Amino acid sequence: MIERVLVWTLAGVLAAVGTGLGYTVLSLPPVDPGLSEQVAAQLPASGVENPVTAVLLNFRGYDTLLEIAVMSLAVMGIWSLAVMPRRRVGAPGPVLAFLVQVLVPFMILLGAYLLWAGSHEAGGAFQAGAVFAAAMVLVLLAGAPLPSALSHWPLRLLLMLGLMTFAGVGVVMMPLEGRFLEYPPTLAKHLILLVEAAAAVSIGMILASALRGGRPPPEQGS
Amino acid sequence: MPSAATLTVAVVLLPLLGAAACFLAPRFARSVANVVAVGIVVDVIALTVLLSGGDALRYRIGGWGVPLGIDLHLDGLSLFMLLTTALTGSAVSLYGVRYFVPDRDNAAGFWPLWLSLWAAMNALFLSGDVFNLYVTLELMGLSAVVLVALAGGAEALSGAMRYLLMTMAASLTYLLGVALLYHQAGTLDIELLGARLESTPPTWIALCLLAVPAMVKSALFPLHFWLPPAHSSAPAPVSAVLSALVVKATVYLLVRLWLDIMPPGREPLGTTLALFGSAAIIWGSWQALRQTELKLLVAYSTVAQVGYLFLPFAIRDPQLSALAWRGAMYFLLCHALAKAAMFLAVGNLSRLGGSGRITELRLVAYQLPVTLLAFGVAGVTIVGLPPSGGFLAKWMLLEASLGGGYWWLATIILAGGLLSAAYTFKVVGLAFIEDGDRPRTRTGTRPAEWVVLLLALAPLALGFAAVPVLAVLDIGAPLSDVTAAGAGGAP
Amino acid sequence: MNTAFVFSLAGVALFLTGFHGLIVRAHLLRKIMSLNVMGSGVFLVMGALARRSVDAAPDPVPHALVITGIVVAVASTALAIVLMLRVHAATGRAELPAPDRG
């Protein structure tokens with residue numbers, strides 16, 4: 001009985017909060033005082049043509065660096081919390097086997113295209129990373145084991161590659177231009193592509209590792 | 001000597017890249033982490049020297065500048081928090097070398113997570129952008145959750161899960177507030193927001209969406225429900241860091257919002273915060289007194305002590321308010337060192353095979369005299385006895401409260417001191433009871449004791465060295481402009 | 001009132017629905033999903049309001065913020081699920097024990 005009272009009280013409180021929030025939303029100025037003009041003005045100096053990529057990888061690159069740190073932390077955390085559970089690897093059914101053969105190469109190609117397209121259209125590291133991860137998930141679901149060479153430090157290196165590349169590029173540019181993450185306009189396009197490529201690889205690996213659900217089981221000398 | 005600007009960026013990059021390095025080379029993780037810790041301490045001290053007596057430092061990342069880019073803002077308040085974190089964090093790292101012995105399962109997992117947490121806190125203290133603060137809050141919260149879960153066992157895992165749900169919900173609420181503020185004012189930069197925001201109901205609703213999550217993450221009464229289970233079941237070094245540093249980071253966030261963003265008309269909010277803080281002091285101390293488990297007692301003590309940090313919100317007069325804030329910040333520093341020492345001391349005692357119950361303390365305590373001494377010395381700071389820095393901090397708070405006629409604040413401060421004396425002496429006294437029981441035999445490696453004692457003695461040293469330390473708070477004069485930001489008050 | 005405001009009000013509604021679910025539902029997986037619903041609500045508010053003036057191009061900064069937010073939410077969800085699995089393994093139930101009073 002008391003639970004029902006609490007639930008309805010909560011609903012009431014939330015309705016009141018919702019009214020307040022709705023009022024706040026509706027009182028916003030109808031014309032957006034946002035930053036689109038500043039972004040458009042500085043877009044040529046950013047090295048890319050897509051304004052969202054410019055904001056994400058150049059103007060507010062520091063946020064993106066920390067966000068990649070959050071993803072890296074996620075894999076560090078998952079590896080601390082659990083060991084990869086043993087999976088019974090049976091033969092995949094005919095549908096899955098066929099789809100893996102057809103889709104996975106296409107998905108890798110699509111991811112690479114999204115990565116490259118991010119400079120002038122919608123796309124970029126995160127989108128590409130998600131597609132790479134999906135390809136790896138398909139392979140994992142079909143039961144293919146990871147090559148054992150990938151279980152130790154090469155895997156760890158790939159997982160940390162995005163974070164280290166992004167921070168590294170930012171640091172290397174400091175003696176040249178003066179500030180952390182400051183890219184010279186001529187090099188900006190290439191630096192951004194480099195950072196995005198490393199990030200896409202790492203993000204794909206991190207998401208696929210998340211599906212595995214834990215760190216690789218300890219083997220001899222691991 | 002690198003420039004102050006480079007040192008500022010390094011204070012975030014060192015632990016961030018250090019975490020990646022620890023993850024890449026788990027065998028060397030302990031050494032890498034402690035080298036990084038020393039590096040951070042040196043970096044922060046160098047920054048203090050370079051900036052002392054001068055203006056705040058503003059660093060335009062990427063060279064863009066606000067409102068397009070993100071600025072780092074380093075003034076006395078941020079530097080003070082960086083110092084607190086550096087001193088406490090390096091001591092905990094040193095302690096961790098003995099605590100997380102490599103042959104234990106996944107002990108190496110501690111180091112990358114801890115350095116990520118440190119990087120997040122440093123980034124939070126430097127950030128001048130409300131969305132950037134969201135990302136640092138998430139990085140901090142997620143690392144803290146996993147660190148709690150490292151202890152394993154149903155209690156720690158449930159405590160970590162509750163902590164995770166709380167922190168994610170709070171962060172999302174904060175993000176909603178950020179979204180509304182951006183669409184109102186067209187900027188994410190703290191200084192620009194302070195200049196543009198006006199005291200209208202929609203603005204206040206959005207600001208509450210920022211303030212309430214910070215209150216929950218600081219475990220301010222009555223939103224403290226998640227803290228005792230999480231802090232009491234985590235491994236000892238993790239509990240130390242959580243109680244000493246992580247809850248203070250969100251208090252810093254609230255203070256920053258209060259000083260730099262909130263427009264005039266914020267007095268009711270301030271009084272409310274001070275009321276909650278007072279309730280926290282009384283309720284937390286009372287609960288601490290009732291506990292039979294040592295770790296829970298220390299955890300509730302944190303709930304109580306955090307309340308002191310909220311008392312200055314009620315003080316209106318600019319001079320008294322500045323004094324109260326100095327007292328609160330000094331209290332923050334001394335409490336961080338003392339509380340960390342307390343949790344590490346408790347860690348030593350439980351490592352010896354103690355059950356964790358206070359009444360059984362005497363069976364193991366006599367084998368660790370240095371640890372017991374450290375606990376007592378830390379207690380001196382928590383209670384606020386001279387010559388500790390805790391006494392000095394409470395004195396400043398009392399002076400400000402009485403000067404402004406806030407009798408209720410002064411009463412709470414004194415009552416809190418009495419209650420904390422009660423629960424501190426409860427622990428220390430029980431450890432000295434003579435008994436005919438057979439002493440327990442020691443198990444495991446000898447825990448690190450001298451680090452804990454040094455940590456506990458530090459606030460006593462701070463009691464003598466208050467003037468230069470408090471001078472750090474004057475860099476860039478963050479506390480003098482305590483009239484509301486939108487009024488454009490000059491220091 | 002143009003469509004941007006309709007979408008953002010829907011976002012507010014999603015946020016509150018998710019919050020309600022987080023508190024009321026006992027099963028951990030439902031709580032995690034409620035958090036995701038909350039997140040979607042916030043992202044909808046942030047993104048929809050970026051296109052308030054219909055003629056001008058939308059503001060790219062909120063779009064970048066939403067992308068960052070989504071990635072952070074994915075990372076948190078992954079951690080939450082692994083933690084939930086460990087809680088289940090340790091306690092046998094995928095629910096949190098009732099908190100002690102105080």
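Convention: sequence-line order gives letters A, B, ...; per-chain numbering from 1. No experiment lies behind these values; they were computed from the predicted model shown.
No hydrogens or angles considered: nothing links the side chains of A:E49 and A:S119 as a donor-acceptor pair under 3.5 Å.
The backbone N or O of A:S46 lies less than 3.5 Å from a partner atom in the side chain of A:N58, making a donor-acceptor pair. The backbone N or O of B:P263 sits nowhere less than 3.5 Å from a side-chain atom of B:S199 that would complete a donor-acceptor pair.
A:M160 touches chain B through its side chain: at least one heavy atom from C-beta onward sits under 4.5 Å away, while N, CA, C and O do not. The part of A:Y23 that comes within reach of chain B is its side chain, from C-beta onward, which places non-hydrogen atoms under 4.5 angstrom from that chain. For A:S72, no part lies under 4.5 angstrom from a heavy atom of chain B. Interface remark: B:L13 contributes side-chain atoms only to the contact with chain A (heavy atom separation under 4.5 Å). With a 4.5 angstrom heavy-atom cutoff, A:A45 touches chain B via backbone and side-chain atoms both. Contacts between B:A20 and chain A at a heavy-atom distance below 4.5 Å involve backbone atoms as well as side-chain atoms. Within the 4.5 angstrom heavy-atom criterion, no atom of A:I78 approaches chain B. With a 4.5 angstrom heavy-atom cutoff, A:V171 touches chain B only via side-chain atoms. Heavy atoms of A:L35 lying under 4.5 Å from chain B belong to its backbone as well as its side chain.
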Trace of the side chain to side chain contact (heavy atoms under 4.5 Å, CB included) decision for A:F166 with A:L181
CA-CA 9 Å; A:F166 204 156; A:L181 288 179; 3.5 Å; yes

Verify side chain to side chain contact (heavy atoms under 4.5 Å, CB included) between B:I190 and B:H73, making sure each step is shown before the conclusion.
CA-CA 9 Å; B:I190 289 184; B:H73 184 67; over 6 Å; no

Side chain to side chain contact (heavy atoms under 4.5 Å, CB included), that's the test. Do B:F125 and B:L74 meet it? Break it down for me.
CA-CA 8 Å; B:F125 299 139; B:L74 182 56; over 6 Å; no

Evaluation steps, salt bridge (Lys or Arg N to Asp or Glu O under 4.0 Å), between B:D189 and B:R58
CA-CA 12 Å; B:D189 179 66; B:R58 214 164 157 88; 3.0 Å; yes

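Here the options are B:D129, B:D71, B:V12, B:V9, the test is side-chain contact (heavy atoms from CB on, under 4.5 Å), and the partner is A:Y62; only B:V12 passes.
A cation-pi contact, defined as under 6.0 Å to the ring centre and within 45° of the axis, links A:R156 to B:F23.
Residue with the most contacts toward chain B among A:L65, A:V55, A:L21: A:L21 (heavy-atom pairs, distance under 4.5 Å).
Between A:F59 and B:W64, the angle of the ring planes goes over 60°, which puts this pair in the perpendicular group of the 30/60° scheme.
Taking non-hydrogen atoms and a 4.5 Å limit, the residue list of residues 114-124 of chain B in contact with chain A, ordered by number, reads B:S116, B:A123.
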